[in-house]
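Remember, predicted model here, so these are calculated numbers, not experimental data.
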Amino acid sequence: IVESSYEIGARSSVGALGIWQFMPRTGREYMRVNSSVDERRDPIESSRAAASYLKQAYEYLGSWPLAITSYNFGQAGMARAVDEVGSENLVDLIEKYNHPHWGFPPKQFYAEFLAAVEIGSNLATYFPGLELDTAVELKEVEVERGTSLASLIQSSRLSRDEFLGWNPAIS
């Protein structure tokens with residue numbers, strides 16, 4: 001929710017795409033991003049990729065506040081900040097680290113994450129009477145390489161627009 005408010009088609013001015021706002025280079029490290037498929041637009045695949053990124057960031061940086069902040073500032077950027085300030089405490093980094101890209105967005109990222117967790121954990125408090133939609137059952141189908149889009153659409157029994165709507169990664 002911090003990155004895109006769950007908007008599948010979200011695109012930033014610097015090229016980040018999808019609900020997790022992966023940049024092209026980072027996206028290619030964790031999923032398929034090419035001229036035919038861009039899994040940054042797929043909420044399931046990009047969520048798996050985001051979980052992998054955060055796991056790797058936590059293992060590298062050693063704390064969730066740093067790992068989560070690295071989602072905005074990068075793992076290497078967070079490591080440099082820790083080295084320069086001499087502290088792994090995010091509050092120390094916010095107060096003392098000086099870098100041209102260390103502005104409002106990365107400094108506020110963890111606080112925004114905590115606010116989203118609080119709200120998501122207490123929906124009835126913040127949104128009394130809110131009725132959530134019923135979960136939609138999805139079916140994942142692995143297709144063989146070289147399968148045509150037309151045959152996939154035909155076998156799905158969906159219209160082309162419906163099929164592409166359910167498969168946003170297909171370019």
Side-chain angles (χ1 to χ4, degrees), residues 1-34 36-123 125-127 132-133 135-140 142 166-171:
I1 196 152
V2 173
E3 283 294 324
S4 67
S5 297
Y6 297 115
E7 177 60 44
I8 290 173
R11 179 184 293 273
S12 78
S13 61
V14 294
L17 186 63
I19 65 171
W20 288 97
Q21 290 291 281
F22 274 99
M23 293 294 287
R25 191 179 119 249
T26 308
R28 283 189 290 275
E29 291 178 38
Y30 294 92
M31 62 196 122
R32 290 181 297 173
V33 177
N34 58 49
S36 301
V37 175
D38 190 340
E39 291 179 337
R40 295 178 301 158
R41 293 189 303 230
D42 183 315
I44 295 170
E45 288 305 319
S46 64
S47 292
R48 289 177 181 145
S52 292
Y53 174 91
L54 289 167
K55 179 179 186 247
Q56 182 184 50
Y58 177 77
E59 289 169 353
Y60 178 62
L61 296 165
S63 83
W64 283 115
L66 296 180
I68 289 167
T69 304
S70 82
Y71 202 88
N72 182 273
F73 196 64
Q75 294 176 37
M78 292 306 300
R80 279 191 306 274
V82 167
D83 287 345
E84 188 173 310
V85 172
S87 173
E88 294 180 353
N89 182 309
L90 183 58
V91 174
D92 290 343
L93 299 178
I94 290 168
E95 291 175 348
K96 299 174 184 173
Y97 186 54
N98 187 18
H99 185 277
H101 296 114
W102 185 247
F104 184 84
K107 287 179 180 180
Q108 301 304 314
F109 198 80
Y110 188 64
E112 291 172 4
F113 166 79
L114 292 177
V117 168
E118 168 64 21
I119 292 167
S121 300
N122 297 288
L123 288 176
T125 300
Y126 295 102
F127 300 100
L132 299 176
D133 292 337
V136 174
E137 185 177 337
L138 299 177
K139 180 179 179 183
E140 288 188 77
E142 191 169 327
W166 283 106
N167 295 278
I170 296 174
S171 296

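Using cut-offs of 30° and 60° on the angle between ring planes, the pair His99 and His101 is tilted.
The main-chain N or O of Arg32 is found under 3.5 Å from a side-chain atom of Glu39 such that the two form a donor-acceptor pair. Between the side chain of Glu84 and the main chain of Tyr97, no donor-acceptor pair closer than 3.5 Å is present. Remark: the backbone N or O of Asp92 is paired with a side-chain donor or acceptor of Asn89 at under 3.5 angstrom.
Residues Ile94 and Trp102 form a side-chain contact, since some pair of their non-hydrogen atoms from C-beta on lies under 4.5 Å apart. Side-chain contact between Thr69 and Phe113: absent, with no pair of heavy atoms (C-beta onward) separated by less than 4.5 Å. Arg40 places a side-chain heavy atom less than 4.5 Å from the side chain of Pro24. The shortest side-chain heavy-atom distance between Arg48 and Glu45 falls under the 4.5 Å cut-off. Between Tyr110 and Leu114, some side-chain heavy-atom pair lies under the 4.5 Å cut-off. Within the 4.5 Å cutoff, no side-chain heavy atoms of Phe73 are placed close to those of Leu93. Side-chain atoms of Ser171 and Arg41, non-hydrogen and from C-beta on, do get closer than 4.5 Å to each other. Looking at Val2 and Asn72, their side chains never come closer than 4.5 Å, going by heavy atoms from C-beta outward.
Scanning all heavy atoms of the two residues, the minimum distance from Ile8 to Pro168 falls at CG2-CB, 4.1 Å. Across all their heavy atoms, Ile19 and Ser46 have their closest contact at CG1-OG, 3.9 Å. When all heavy atoms are compared, the tightest approach of Trp166 to Val136 is CH2-CG1, 3.6 Å. Shortest non-hydrogen contact noted between Glu88 and Leu66 is O-CD1, 3.6 Å. Scanning all heavy atoms of the two residues, the minimum distance from Leu123 to Gly120 falls at CG-O, 3.7 Å.
If you take CG on Leu17 and OG on Ser12, they are separated by 8.5 Å, rounding to the nearest 0.5 Å. The line from CG of Asp38 to CD1 of Ile170 is 12.0 Å long, rounded to the nearest 0.5 Å. Interatomic distance, Met78 CE to Ile68 CD1, rounded to the nearest 0.5 Å: 11.0 Å. Within the model, atoms CD of Gln56 and CG of Leu54 stand 10.0 Å from one another, a figure rounded to the nearest 0.5 Å. The CD1 atom of Ile44 sits 13.5 Å away from atom CE of Met31, with the distance rounded to the nearest 0.5 Å. Within the model, atoms OG of Ser70 and CD of Gln75 stand 5.0 Å from one another, a figure rounded to the nearest 0.5 Å.
Heavy-atom neighbours of Asn122 CG from other residues, nucleotides or ligands within 6.0 Å: above the threshold of 12. Residue Gln108 places its CD atom among more than 12 non-hydrogen atoms of other residues, nucleotides or ligands, all under 6.0 Å distant. More than 12 heavy-atom neighbours from other residues, nucleotides or ligands sit within 6.0 angstrom of CH2 on Trp64.
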>> Pair Ile119, Phe127 - check side-chain contact (heavy atoms from CB on, under 4.5 Å), show working.
In response: CA-CA 9 Å; Ile119 292 167; Phe127 300 100; 3.7 Å; yes
> Does the side-chain contact (heavy atoms from CB on, under 4.5 Å) test come out yes or no for Glu118 and Tyr126, once each step is laid out?
Replying inline: CA-CA 9 Å; Glu118 168 64 21; Tyr126 295 102; 2.9 Å; yes
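The one candidate from Trp20, Tyr71, Phe22 that meets the ring pair (Phe, Tyr, Trp, His ring centres under 6.0 Å) condition with Tyr53 is Tyr71.
Within the structure, salt bridge (charged side-chain N to carboxylate O under 4.0 Å, His left out) pairs that include any residue of residues 56-69 comprise Lys55-Glu59 (at least two apart or interchain).
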